[in-house]
Structures are given as structure tokens and as C-alpha cells.
There are 4 protein chains.
Amino acid sequence: MPKIGMEEPRRRALIDATIHEVGARGGMDVTVGQIARRAGMSTALAHHYFGNKERILLAAMRHILSTFGALVREELARVETPMQRLNAILDASMDRRHFEPETVAAWLAFYVQAQQSPEARRLLRVYALRLHSNLLHELKQLTDPARAARMAQALSALIDGFYIRHALQDQAPDRDDIIDILRDYTCRQLTETGQP
Amino acid sequence: MPKIGMEEPRRRALIDATIHEVGARGGMDVTVGQIARRAGMSTALAHHYFGNKERILLAAMRHILSTFGALVREELARVETPMQRLNAILDASMDRRHFEPETVAAWLAFYVQAQQSPEARRLLRVYALRLHSNLLHELKQLTDPARAARMAQALSALIDGFYIRHALQDQAPDRDDIIDILRDYTCRQLTETGQP
Amino acid sequence: MPKIGMEEPRRRALIDATIHEVGARGGMDVTVGQIARRAGMSTALAHHYFGNKERILLAAMRHILSTFGALVREELARVETPMQRLNAILDASMDRRHFEPETVAAWLAFYVQAQQSPEARRLLRVYALRLHSNLLHELKQLTDPARAARMAQALSALIDGFYIRHALQDQAPDRDDIIDILRDYTCRQLTETGQP
Amino acid sequence: MPKIGMEEPRRRALIDATIHEVGARGGMDVTVGQIARRAGMSTALAHHYFGNKERILLAAMRHILSTFGALVREELARVETPMQRLNAILDASMDRRHFEPETVAAWLAFYVQAQQSPEARRLLRVYALRLHSNLLHELKQLTDPARAARMAQALSALIDGFYIRHALQDQAPDRDDIIDILRDYTCRQLTETGQP
DNA sequence: AATGAATGAGCCTTCATTCAT
DNA sequence: AATGAATGAAGGCTCATTCAT
């Protein structure tokens with residue numbers, strides 16, 4: 001009985017399965033078979049919908065990044081002042097949902113994948129750039145352009161750094177401590193005390 | 001051509017080849033064949049010396065981490081005051097040699113590998129712990145324990161964060177800018193303008 | 001050419017090919033490639049249906065043993081008296097079909113395999129036990145329990161002994177002579193001329 | 001320090017190691033490396049002494065068979081009458097030394113090997129022939145030629161059959177029971193009670 | 001006499017991908 | 001829409017054998 005309009009749910013199921021599987025295995029060395037099985041279909045169908053493995057992986061990556069982007073946008077929509085908006089970005093970046101082990105592992109795996117796949121690289125650049133420009137936009141209203149730029153870079157690095165560390169080390173600070181550190185950093189940078 | 005005492009040079013050649021190959025391909029999905037070919041020997045010989053692929057990979061990882069550790073120790077040996085030593089750690093962490101594209105790629109790949117291989121995980125933890133305790137040791141002499149702890153975590157994250165970003169994004173700040181940011185961060189943290 | 005329901009014929013083809021190949025080569029050192037080629041398919045498909053080499057070999061062994069068992073049962077169904085049934089077992093054991101060189105070689109190879117594979121050992125034990133209990137059941141109705149037991153053991157050993165010798169030596173007696181010897185043995189044992 | 005006159009002990013060590021290794025692993029799939037290691041030398045040396053693997057295996061087989069032959073000869077030297085000599089052959093064939101698990105396994109493995117290697121086949125034929133003619137020689141003095149021939153075949157088969165069964169099945173009768181069965185068989189055959 | 005070094009060939013197994021139904 | 005069938009290609013690993021010392 002040929003079902004109709006199955007394309008969307010099937011694609012979703014495959015993307016979800018990919019993220020779970022990549023996360024569970026902790027790397028990109030997942031097989032189409034594993035993904036398809038978890039998604040409850042045959043490998044042939046997976047290929048039917050995505051053409052090849054790389055495209056499945058890219059779709060999953062795109063999904064993770066767009067989820068992240070949506071979350072930031074959502075948080076930003078709620079607040080007004082630059083300082084609030086800055087904090088909103090940081091909060092969103094540290095949202096609990098990103099810290100689910102599977103997501104973290106998938107994220108890290110995609111980082112590596114990006115070195116081999118130009119398209120993955122492009123996607124990651126888009127994410128990095130957007131985070132950077134989001135931060136920069138708010139920071140520019142809070143301090144001079146040079147410092148704003150430097151802070152945006154530092155905050156981005158902190159976010160990625162904590163993220164990656166969280167993926168591997170039990171001794172990494174937990175989410176609340178991280179937010180404290182980020183707030184403390186911005187706070188001190190914005191407090192005008194010229195370095196002697 | 002001497003036919004004895006080949007073990008050491010062969011192992012070295014394989015380790016170097018592994019790092020280059022992992023770096024060049026940007027991931028752990030290198031074959032023993034590729035490594036062996038680059039090291040100028042047969043795959044059988046590679047297996048003869050290391051037993052299996054994982055052990056080759058781990059040896060390469062161990063080499064990278066110990067190189068990193070040696071560099072830090074070397075820099076630390078040159079200076080005296082806590083502040084100098086702190087800067088020495090940061091400088092060493094940002095040493096140009098770590099930023100050769102192949103090394104960066106290998107480093108990143110090892111991070112992923114660590115999620116699958118307990119031994120890789122252990123190695124990475126050792127590195128992270130050592131960096132952290134090195135930083136902490138100096139920071140404790142410069143500020144109160146709570147802030148020292150927080151700073152050590154932040155600096156570790158910044159280092160890893162910049163490192164990972166450097167691996168992927170052209171727009172990542174260059175080494176000198178990174179050092180500026182790290183210095184600026186520590187400087188501001190250590191300048192007593194306490195938040196109430 | 002129908003593309004569904006291929007599993008059964010494929011498995012059969014692989015089992016047959018295994019027996020032929022093991023028989024032709026005279027040992028278990030057959031490769032999956034050889035088996036698959038003879039069965040007219042790729043090695044990948046062989047693995048698809050059986051999982052791994054050992055399972056292919058075990059399936060072949062199981063097939064040989066169950067063929068043997070079926071033959072005995074078939075012969076037994078035809079006759080009535082204990083003596084007839086005893087002879088039926090001996091006849092079936094010496095059936096021409098078991099003496100095809102390939103089957104003999106495969107049989108022998110399985111005996112060796114049994115020393116390494118617990119499952120193979122189990123299968124062979126089941127065969128030996130069944131033969132023994134079949135013999136014993138009839139013999140008990142023809143003589144006292146002690147002698148029945150001893151005869152069952154002797155006949156089993158004779159069957160296996162002739163079988164193995166047939167596999168290797170041209171000078172081994174042929175099937176009819178073997179049957180004569182078996183009959184003569186039972187006959188004399190059952191004729192009451194007790195040793196004092 | 002080049003040792004001299006090492007050839008003999010080295011060869012012996014390799015032969016012993018082969019038998020142990022084949023017996024321990026229960027098959028001919030032993031590697032030259034395993035044999036050499038157990039014999040306490042390098043694989044290169046093993047090749048130096050025997051040329052190739054097959055020759056090592058054959059030497060081991062030859063050793064087992066000649067040990068068997070020597071034992072029979074030894075036993076035969078001790079007794080006089082045909083009946084005593086017949087029993088001596090049977091006793092020697094069932095000697096405890098043959099039933100050490102390693103020897104049994106090696107024996108069985110050689111049987112299979114014989115299907116692939118003409119030389120192994122030849123060796124085994126020699127053994128079988130010698131056993132047969134030994135038996136025949138004595139039996140001819142105890143009964144008519146036709147029965148003697150038949151008995152020789154039956155006894156050979158019984159010996160091999162019990163041997164092979166012993167290798168695999170716990171339920172096989174032990175050595176003493178086997179000897180009882182063999183004696184009982186000959187006794188009844190030689191007792192003149194014409195079959196009706 | 002003895003061995004570490006070295007390799008070519010081969011085997012089992014996996015996997016992405018295609019095809020016919 | 002969906003899948004079982006099927007495979008080519010490749011990868012990790014083993015091993016008998018050779019060579020130079």
C-alpha cells in the first residue's frame with residue numbers, strides 16, 4: 001500500500017536517527033544501515049530520499065545548526081536592551097538542549113567532518129559568522145568597536161571551548177558555572193578600567 | 001643498509017606519517033595502507049610494529065600530547081615569577097608549531113576519537129588536567145582560589161576554543177590576537193575591581 | 001527473474017557449495033570466496049545470508065548430519081523386527097550416498113573442526129549419541145543390557161572406523177564387505193556361546 | 001656465538017612443538033610462528049631447518065607414526081605365541097601414550113591433512129598397511145585366510161574408530177573397555193561356531 | 001647458527017550503492 | 001512508496017617466506 005506524502009516524516013526520521021546515531025557512537029563512522037534501521041526503514045529508502053550518505057549527514061548537520069539558530073532568535077525576540085540581548089545570546093548558546101550528550105557528540109563530529117566536506121565547512125562557517133555578528137551587533141552598542149570585536153571573538157571561543165571540553169571531560173564546569181564565567185567576562189570587559 | 005635496530009625509526013616514521021595523514025585528510029578515517037605508504041613501508045610492517053590500527057593512532061596522539069607538554073615545560077623552565085609563568089603557559093599553548101594545519105586537524109580528530117576509544121579519552125583527560133593544574137598553580141599565587149579556579153577554566157576553554165576555531169574558520173583571529181585576548185583577560189581579572 | 005524469496009535457495013546453494021568445496025579440497029581451509037564462487041554469488045552475499053564463515057560451515061555440517069539422520073529414520077520406518085531394524089541402521093550408515101568422496105572428506109573435516117568449535121562439537125555429539133541410542137534400543141531387545149551396550153559401542157566404532165579409513169585408503173574394504181563384517185559381528189555376538 | 005651440532009635438537013624441538021601446538025589447537029591451522037615460539041626460536045630458523053611449513057608438519061606426522069610403530073615392535077618383541085602377539089598389537093595400539101589429548105588431536109588433524117598432501121597420504125597408508133599386515137600375520141596362524149583378512153580389517157577399523165571417537169566424545173568407552181571389546185571380538189571370531 | 005626486518009598475497013568482513021520488483 | 005537482493009571495492013589483519021646481517 002503505497003503511502004503518500006511520506007517524504008517529510010521520512011526525512012525527519014532519518015535526520016533524527018542520524019543525530020542520535022552519530023551522537024551515540026561518538027563519531028561520523030556511522031553506517032547508512034544503522035541510521036536506516038534506527039529510522040525504521042531500509043537503507044534503500046534512505047538512499048531514495050537523500051541520494052547518498054554525505055547528504056544525509058549534511059542534512060543532519062544543517063538541522064542541528066538551524067535548531068541552534070532558531071533558539072537564539074527566539075531568545076532574542078524576548079528582550080530589548082543590548083545588554084539583555086547579549087545575555088540572551090549567551091544563554092541560548094548554553095541552552096540545556098545543546099548539552100545532551102548525543103548533541104554534543106554530533107556537534108563535535110560535524111566539526112571534524114567540516115575538514116573534509118566543503119559543504120559542511122560552509123555550514124559551520126555560516127553558524128560561526130552568525131554567532132559572531134550577533135554578538136558584535138550588541139557589543140558595538142556597549143563599547144568601542146575594537147573591544148567589541150575582541151570580545152565577540154573571545155566569547156565565541158569560550159562558547160566553543162566549553163562546548164568541546166564538555167564533550168570529553170567530566171571535570172569541565174557545568175552549564176551554570178559557564179554562564180557565570182561568560183557574564184563575569186563581559187562584565188569586566190565593559191567596566192571601564194583601562195589597563196595601566 | 002643496517003638491518004638491525006630498525007624498530008625506533010620505524011615507529012617514529014609511522015607516528016609522523018599518521019599525524020601527517022590524519023592532518024591531511026582531516027579525520028581519523030585514514031587507512032593503515034595510507035599511513036604505511038607515507039612512512040615508506042608495507043602495511044604488514046606497520047602491524048608488526050604496532051599490532052593494530054588503534055595502537056598506531058594512539059601512539060600518534062600520545063606523541064602530539066607529549067610534544068605539547070614538553071613545550072610547555074620548556075617555556076616554564078625559562079621564567080620565574082607567577083605572572084611570567086602564566087604567560088609562558090599561554091604562549092606555549094599558542095605556539096606556532098601547534099598551528100600547523102596538519103597538527104590542528106590531527107588534534108581535532110583525536111578529540112573525536114576520544115569519544116570512542118577509552119584510551120584516547122584518558123590521554124586527552126591527562127592533557128586537559130595538566131593544562132588546568134598548570135594554570136591553577138600560577139593563578140593561585142596571583143588571586144584568590146575561587147577566582148583562580150574560574151580563570152583556569154576560562155583560559156583552558158579559550159585555548160581550546162580558539163584552537164578549534166582556527167582549524168575551521170579563516171576568520172578566526174590569528175595567533176597574536178589570540179594572545180592579546182588571553183593577556184587582556186587575565187589582566188582584567190587580576191586587576192581588583194571586584195563585583196560586589 | 002524473481003527478486004524475492006531468494007533466501008532459501010541461496011542458503012541451500014551455499015551449503016551445497018560448502019560441502020563440495022570442503023570435500024574437493026579435503027579440509028576446512030576453504031575460503032568464503034571459493035564457496036561463494038561455486039555457489040554463483042559474491043562473498044558479500046554469502047555473508048549477508050550467514051553472517052560469517054563459521055556459520056556457513058556449521059550450516060553445512062548440520063545439513064550433512066541431518067541428511068544422515070533422515071536416511072536412518074527412513075530405513076527404520078520400513079521394517080519391524082529388532083533384527084531387521086538393527087540391520088537397517090547398519091545399512092543406512094553405510095549407504096552409498098555417504099561414501100561419495102566429497103561427503104567423506106567433508107565429514108572428516110568436520111570431525112577436526114569439532115575440536116575447535118564448541119558448536120561443531122555439540123552437533124557431532126548429537127549425531128554420535130543418536131546413532132548409539134538407536135543401536136542400543138534394538139540390541140537391548142536381542143541380548144542382555146551389558147552386551148547390548150558393548151555391541152553398540154563396537155558397532156559405532158566400526159562404522160566410524162571404516163568410514164575414516166575409506167576416506168584415505170584405497171585398500172579399505174568396500175561397502176559390501178563392510179556390511180558383511182558388521183553382520184558377521186552382530187551375528188556372532190548374538191549367538192549364545194558364552195565365554196566361561 | 002654460533003653453536004655447532006644444533007641441528008638435531010632443533011629439529012626435535014620443532015617436531016615436539018608442532019605436535020603440541022597442533023594438539024592444543026585441535027587442527028592443522030597452526031602457524032609457523034606458533035610452532036617456532038613454542039620451540040623457542042625464530043620462524044626464520046624453523047624455515048632454515050625444514051625449508052617450509054609442510055615439511056615441518058610432515059616431519060611431525062612421521063614422528064608420531066614411527067613412535068607408534070616402535071611401540072608395537074617393542075611389545076611384539078616380548079612375546080611368542082600368535083595369540084600373545086595379536087594381543088600385544090592390540091595393547092600397543094591402545095597404549096595410554098596414544099590417548100593423550102594432544103596426540104589424539106594431532107593424529108586426527110593428520111588424517112585430514114592426508115587428503116591434501118600426497119606425502120601425508122603416503123605416510124598414513126604405510127601405517128595402515130603395517131598395522132593390517134601385522135594383524136594379518138598373526139591371524140593367519142589362528143584361523144583360515146578369509147576370516148583372518150576380515151578380522152584384520154575389522155580390528156583396524158575398530159582401533160581407528162575408537163580412536164577418533166575418543167578424540168571427540170566424552171561418552172566414548174575408556175581404554176580398558178575398548179581392549180575388552182577387541183578381545184571379545186577376536187575371541188568369538190576364533191571360537192569355531194559356524195554361522196547357521 | 002641465528003634472527004630481526006620486511007613483504008606480497010590472501011582472507012574475512014563491512015559498506016555504500018544500485019536494481020528489480 | 002518501499003524493500004530485499006546483490007555487488008564491487010576496500011580495509012584490517014595474518015602469515016609463510018625471504019633476506020641481510
Side-chain angles (χ1 to χ4, degrees), chain A residues 1-7 9-10 29-36 40-57, chain B residues 1-7 9-10 29-36 40-57, chain C residues 1-7 9-10 29-36 40-57, chain D residues 1-7 9-10 29-36 40-57:
Chain A
M1 55 187 114
K3 291 170 193 169
I4 208 158
M6 289 307 288
E7 178 142 0
R10 290 295 197 191
D29 56 347
V30 286
T31 72
V32 176
Q34 288 157 0
I35 293 170
M41 66 191 90
S42 68
T43 68
L45 195 53
H47 276 90
H48 175 67
Y49 281 123
F50 281 97
N52 62 23
K53 186 183 179 179
E54 197 189 5
R55 285 216 275 272
I56 301 178
L57 260 23
Chain B
M1 55 186 98
K3 279 284 178 181
I4 212 167
M6 287 278 87
E7 177 143 2
R10 289 299 195 188
D29 55 348
V30 285
T31 72
V32 175
Q34 288 156 1
I35 293 170
M41 66 191 93
S42 68
T43 68
L45 196 53
H47 278 96
H48 175 66
Y49 282 122
F50 280 98
N52 63 21
K53 186 183 178 178
E54 197 189 5
R55 284 217 274 272
I56 301 178
L57 261 22
Chain C
M1 57 185 98
K3 279 286 180 181
I4 214 167
M6 285 280 89
E7 178 144 1
R10 289 299 195 188
D29 56 348
V30 286
T31 73
V32 175
Q34 288 156 1
I35 293 170
M41 66 191 91
S42 68
T43 69
L45 196 53
H47 278 95
H48 175 65
Y49 283 121
F50 280 98
N52 62 22
K53 185 183 178 178
E54 196 189 5
R55 285 217 273 272
I56 301 178
L57 259 23
Chain D
M1 54 188 112
K3 291 171 194 169
I4 207 159
M6 290 305 291
E7 178 141 2
R10 291 295 196 191
D29 56 346
V30 286
T31 72
V32 175
Q34 287 156 1
I35 293 169
M41 66 191 91
S42 69
T43 68
L45 194 54
H47 276 90
H48 175 66
Y49 281 122
F50 280 97
N52 63 22
K53 186 183 179 177
E54 197 189 6
R55 284 216 276 272
I56 301 178
L57 259 24

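Within every chain, numbering begins at 1; the chains are lettered A, B, ... in the order of the sequence lines, protein sequences first and strands thereafter.
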Closest approach of A:Lys53 and A:His47, non-hydrogen atoms and distance?
N-NE2, 4.5 Å

Looking at every non-hydrogen atom in both residues, tell me the closest pair between C:Ile56 and C:Ala46 and how far apart they are.
CD1-CB, 4.3 Å

In terms of the nearest nucleotide of DNA chain F, which residue is placed more toward the 5' end: C:Ser42 or A:Met41?
A:Met41

Give D:Tyr49 one of three labels, base, sugar-phosphate or nothing, depending on what nucleic acid heavy atoms sit under 4.0 Å from its own.
sugar-phosphate

Got a list of protein N/O to nucleotides 10-14 of chain E N/O distances below 3.5 Å?
residue, atom, partner, partner atom, Å
E:dC12, OP1, C:Lys53, NZ, 2.6
E:dC12, OP2, C:Val32, N, 2.9
E:dT13, OP2, C:His47, NE2, 3.0
E:dT13, OP2, C:Lys53, N, 2.8

By side chain to side chain donor-acceptor pair (under 3.5 Å), which residues pair with C:Asn52, not counting sequence neighbours?
none

Can you tell me how far the CE atom of D:Met41 sits from the CE atom of D:Met6, to the nearest 0.5 Å?
8.0 Å

Checking A:Ser42 now: which residues fulfil side-chain contact (heavy atoms from CB on, under 4.5 Å) with it, not counting sequence neighbours?
A:Ala44, A:Leu45

Let me know the distance between CZ of D:Phe50 and P of F:dT18, rounded to the nearest Å.
16 Å

According to salt bridge (charged side-chain N to carboxylate O under 4.0 Å, His left out), who are the partners of B:Glu54, at least two apart in sequence or on a separate chain?
none

Five-pair end axes of the helix from E:dA2-F:dT21 to E:dT21-F:dA2, angle between them (10°):
10°

Test side-chain contact (heavy atoms from CB on, under 4.5 Å) on B:Asp29 and A:Asp29; report intermediate values, then the result.
CA-CA 8 Å; B:Asp29 55 348; A:Asp29 56 347; over 6 Å; no

For the pair made of CD in B:Glu7 and P in E:dG4, what is the distance, rounded to whole Å?
11 Å

Identify, between C:Leu45 and A:Ala46, the residue whose nearest nucleotide on DNA chain F lies closer to the 5' end.
A:Ala46

Can you tell me how far the CG atom of C:Leu57 sits from the CD1 atom of C:Ile35, to the nearest 0.5 Å?
6.0 Å

For B:Ile56 and F:dG12, give me the distance from atom CD1 to atom C1', rounded to whole Å.
10 Å

Check the phosphate of E:dA2 against D:Arg10, side-chain N and O only, distance under 4.0 Å to OP1 or OP2. Yes or no?
yes

